[in-house]
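Everything below concerns the one structure shown next.
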2 protein chains.
Amino acid sequence: MKDRAASIGTKERLLRAGEQLFRTRGYAGASLKQLTQAAGAPWGSAYHFFPDGKEQLGVEVVRQAGDFYGDGWRESFDRADGPGDAIERVFRAEARILEASDYRNGCPVASVTLDTASTSEALRSACASAFEVWLRAIEGGLRKAGASDGEATALAGFVLSAIEGAIVLSRAAKSPAPLLQSAAFVREVVDRRAEDWRAARANPVQTESSERG
Amino acid sequence: MKDRAASIGTKERLLRAGEQLFRTRGYAGASLKQLTQAAGAPWGSAYHFFPDGKEQLGVEVVRQAGDFYGDGWRESFDRADGPGDAIERVFRAEARILEASDYRNGCPVASVTLDTASTSEALRSACASAFEVWLRAIEGGLRKAGASDGEATALAGFVLSAIEGAIVLSRAAKSPAPLLQSAAFVREVVDRRAEDWRAARANPVQTESSERG
DNA sequence: GTCTATAATACGATAGAC
DNA sequence: GTCTATCGTATTATAGAC
């Protein structure tokens with residue numbers, strides 16, 4: 001992971017504070033005043049760096065979060081021992097993040113989606129793009145493990161859905177259980193297929209060998 | 001399903017309008033003014049029926065949604081042809097709800113969770129209870145199909161996580177794909193176990209027969 | 001007991017001082 | 001070019017008319 005805590009410019013601090021506040025209070029529940037205060041920035045700097053106001057800041061926060069956590073997914077696939085392990089590691093990392101923050105730090109993109117998807121096309125579109133970045137990162141990891149394009153796309157949607165929902169349940173319950181429960185079943189699905197992919201690679205002719213019987 | 005559209009008292013209309021607005025705009029993004037207008041109720045009635053204000057209304061909206069959709073889960077298990085079918089039907093029903101509302105009507109409990117879990121213990125607790133109602137409904141359906149208590153609990157957490165996350169992704173993408181993709185994989189996991197449960201019932205001695213090999 | 005009018009405050013956005 | 005002071009509006013909440 002890149003060093004995100006480096007002391008950099010005011011705009012970057014505003015974006016970081018925005019991500020943090022959107023995670024904990026949602027987009028609508030986070031005010032620009034809280035945001036500038038959290039960033040240690042004067043009130044006017046919000047409109048200096050984001051002339052179009054809160055919506056523009058939200059769009060950039062979501063885009064940055066998309067890029068950053070997309071890198072996280074890719075790194076997990078690079079480092080892990082197979083796709084099932086890579087995915088389980090992300091679930092477990094998220095469980096640690098939640099526990100360490102007393103279940104405050106959820107997913108900023110999910111929060112912005114639920115608050116704004118029906119009221120701001122710019123923000124909904126930004127959230128869709130951020131999710132797309134993550135989906136493609138997961139897809140890429142699955143394809144490298146041998147998944148076909150279509151299978152990788154569908155599995156990626158399932159994996160991301162499971163972790164996003166588990167984060168919501170874990171936050172409500174203040175417990176890592178939903179994340180850990182989901183991780184096990186998701187891993188089961190992925191590992192099962194990864195085995196089939198290996199078998200198909202070893203036996204390229206017998207394409208039906210992966211059917212359950 | 002109970003008839004939810006019956007023309008009843010003002011309090012019930014306020015609760016319904018609250019559920020609808022929380023689904024589309026989140027808790028923080030929905031104002032009491034919008035809410036009373038949507039309910040066709042005068043401004044003062046909000047504080048007449050909910051003296052403690054928006055938070056109290058939110059708690060009651062979440063509790064009612066928990067009860068109502070909990071019944072929905074139970075009915076799906078009662079009517080469907082096995083637990084996998086019951087669960088897939090709920091995913092598909094949710095996909096239809098989203099499409100019919102142009103992807104506005106998400107889950108009110110998830111929305112309230114992400115906006116308030118870190119700022120209002122009363123609302124976080126209400127959301128946790130609503131999710132618990134749904135989890136126990138799913139658990140009950142799975143146990144009736146033969147799942148052990150522990151297995152039913154873990155599977156229910158996985159199932160609810162998957163659908164909640166898929167709703168978020170579907171809303172952002174304005175596409176039913178995440179819900180339909182997740183439905184297939186969740187069903188695969190559940191059907192697989194349901195087969196084992198049937199086998200275990202037919203062969204009560206061979207408890208290890210359910211291991212994959 | 002319902003509803004209208006209003007208070008007090010917080011919000012997003014702007015304008016102008018330095 | 002940064003930051004402070006302020007505007008107009010929207011919010012939650014209350015108080016008082018009917």
Side-chain angles (χ1 to χ4, degrees), chain A residues 7-62 108 111-112 114-116 118-124 126, chain B residues 7-62 108 111-112 114-116 118-124 126:
Chain A
S7 88
I8 21 189
T10 302
K11 182 172 184 179
E12 190 62 24
R13 288 210 314 281
L14 286 170
L15 289 172
R16 299 236 144 279
E19 182 188 315
Q20 178 62 24
L21 278 168
F22 295 164
R23 287 171 83 164
T24 55
R25 312 170 67 96
Y27 176 83
S31 76
L32 287 178
K33 192 173 189 177
Q34 296 173 321
L35 209 152
T36 51
Q37 282 177 350
W43 167 245
S45 63
Y47 283 89
H48 175 71
F49 292 107
F50 307 97
D52 289 342
K54 192 182 183 182
E55 189 178 52
Q56 183 188 359
L57 189 147
V59 166
E60 297 200 24
V61 163
V62 167
S111 295
V112 175
L114 295 196
D115 275 358
T116 69
S118 307
T119 55
S120 161
E121 178 58 19
L123 281 164
R124 183 206 62 80
Chain B
S7 89
I8 19 184
T10 302
K11 181 172 184 178
E12 189 62 24
R13 288 210 313 281
L14 286 169
L15 289 172
R16 299 236 143 278
E19 182 189 314
Q20 178 61 25
L21 277 168
F22 294 165
R23 287 171 81 162
T24 56
R25 312 170 66 96
Y27 175 83
S31 76
L32 288 179
K33 192 172 189 176
Q34 296 173 321
L35 209 152
T36 51
Q37 282 177 350
W43 167 244
S45 63
Y47 283 89
H48 176 68
F49 291 108
F50 306 98
D52 289 341
K54 191 181 184 184
E55 189 179 52
Q56 183 189 359
L57 188 147
V59 167
E60 297 199 25
V61 163
V62 167
S111 294
V112 175
L114 295 195
D115 274 359
T116 69
S118 306
T119 56
S120 161
E121 178 58 20
L123 280 164
R124 183 206 62 79

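All chains are named by letter (A, B, ...) in the order of the sequence lines, taking the proteins before the strands, and each is independently numbered beginning at 1. Please read all numbers here as calculations on a predicted model, not as lab measurements.
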To the nearest 0.5 angstrom, please state how far the CZ atom of B:Phe49 sits from the CG atom of B:Leu14.
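B:Phe49 atom CZ to B:Leu14 atom CG measures 7.0 Å (nearest 0.5 Å).
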OG1 (A:Thr36) and OH (A:Tyr47) are apart, to the nearest 0.5 Å, by 10.0 Å
Quick one: [X] [atom1] to [N] [atom2], roughly how many Å, whole number?
| X | N | atom1 | atom2 | result |
| --- | --- | --- | --- | --- |
| B:Phe50 | D:dT12 | CZ | C1' | 15 Å |
| B:Leu14 | C:dT2 | CG | P | 12 Å |
| B:Leu35 | D:dA10 | CG | P | 17 Å |
| A:Leu32 | C:dC11 | CG | P | 9 Å |
| A:Tyr47 | D:dA5 | OH | P | 18 Å |
| B:Leu57 | D:dA13 | CG | C1' | 14 Å |
| B:Lys11 | C:dT2 | NZ | P | 12 Å |
| A:Gln37 | D:dC3 | CD | C1' | 15 Å |

Between A:Ala38 and A:Leu21, the two heavy atoms sitting closest are CB-CD1, 4.5 Å
Give me the atom names and distance for the closest heavy-atom approach of B:Ala28 to B:Lys54.
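Nearest pair, atom of B:Ala28 first, then B:Lys54: O-NZ, 3.8 Å.
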When you get a sec, tell me which of D:dG1, D:dT6, D:dA13 is the closest nucleotide to the side chain of A:His48?
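Nucleotide nearest to A:His48's side chain: D:dG1.
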Output the single nucleotide from D:dT12, D:dC3, C:dA13 whose closest atom is nearest the side chain of A:Pro42.
D:dC3
Taking 4.0 Å as the cut-off, does a side-chain nitrogen or oxygen of B:Ser31 come that near to OP1 or OP2 on D:dT11?
yes
Please state whether the phosphate of C:dC11, meaning OP1 or OP2, lies under 4.0 angstrom from any side-chain nitrogen or oxygen of A:Lys33.
no
Option among B:Val59, B:Leu57, B:Leu32, B:Val61 that satisfies the side chain to side chain contact (heavy atoms under 4.5 Å, CB included) test with B:Phe50:
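Single pass found, and it is B:Leu57.
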Report the residue (A:Phe49 or A:Trp43) whose heavy-atom-nearest nucleotide on DNA chain D is the more 5′ of the two.
A:Phe49
Using a 4.0 Å heavy-atom cut-off, does B:Gly53 contact any base of the nucleic acid, only the sugar-phosphate backbone, or nothing at all?
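Sugar-phosphate contact only.
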Quick one: label A:Ala28 by what it contacts on the DNA or RNA (base, sugar-phosphate, nothing), any heavy atom closer than 4.0 Å.
nothing
